[in-house]
Amino acid sequence: MLKYTDFAGRLATITADIKKTCKAVGRDEREVKLMPVTKNFGAAAVEYAQRAGLGAVGENRVQEAAGKRAAFGEEGMRWELIGPLQRNKVKVALGIFERVQTVDRVALVEAMERQVEALGLGAYPVLIQVNVAEDPAKHGVAEAEAERLAERILAGGKLRLEGLMTIGALSEDEGVVRSTFAGLRQLRERLEGALGIGLPELSMGMSGDYGWAIAEGSTLVRVGTALFGQRDAAG
Ligand SMILES: *Cc1c(COP(=O)(O)O)cnc(C)c1O
């Protein structure tokens, strides 16, 4: 784990880069939030994020986040799930995370609704994860199925659909990666029109491609290694 001062230096570089990119593409920098991804790092990474004034962290495993959240305590940090969610972990997940970004199938929506009801929660914030790149190794609903899933979420009334999330195509080619992000933005526009709702959040962009994601309309970039260094499995 790197030292806090190194983390702060990396954060300053990335923040400046985000600003520069926003300026270059004519966007207001306040539209783009930076979410530190603390997976595979201990609770110290969450403390770094908090100390730097970042209000939310992304985690991709329920079990790992549960331990970290217990170690870190409750104060002043939002936790969001950015990895796949199994139905048998929904109850635990709803107790840990303030938002789930990876809703991608009706069975999961149903399981979440049951727990929201059982736990007596209000409308629980979610994003739909879309597999725009059609990568068989990735989770996420197919683009063609996204509208049906969104309709199902709205009909249930127990989850609050705040937007869409995707992972960029695994490619070095700017055009290929950007077309994933453009695809998510265009899908958002279609869904907003078809369903008559606002979907303000577009969660897209990671360490290697957040600049391209911002150029294509990202409102939330999820950055791990560029902030914290290489993850080692021992975490
Ligand atoms: C790990 C992860 C990230 C961060 O990836 P980096 O390349 O380390 O920035 C972002 N989003 C998701 C869904 C992830 O699993």
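Both ligands and their constituent atoms are indexed starting at 1 by order of listing.
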* For V46, does its backbone N or O pair with a side-chain atom of K68 as donor and acceptor, under 3.5 Å? -> no
* Please determine which of R188, K33, Q101 meets the side-chain hydrogen bond (donor to acceptor under 3.5 Å, both in side chains) test together with E201. => K33
* Asked: Should I167 and Q129 count as side-chain neighbours, where that means a heavy-atom distance under 4.5 Å?
  -> yes
* Would you indicate whether the side-chain heavy atoms of I96 and L81 approach each other to under 4.5 Å? => no
* Does a side-chain heavy-atom distance below 4.5 Å link R190 with L187? -> yes
* To do: Count the heavy atoms of every other residue, nucleotide or ligand shown that sit under 6.0 Å from CZ of R61, and state whether that count exceeds 12.
  => no
* To do: Enumerate the protein residues lying less than 4.0 Å from ligand 1, judged by heavy-atom distances, in chain and residue-number order.
  => V37, K39, I82, M165, I167, M206, S207, R222, V223, G224, T225, R231
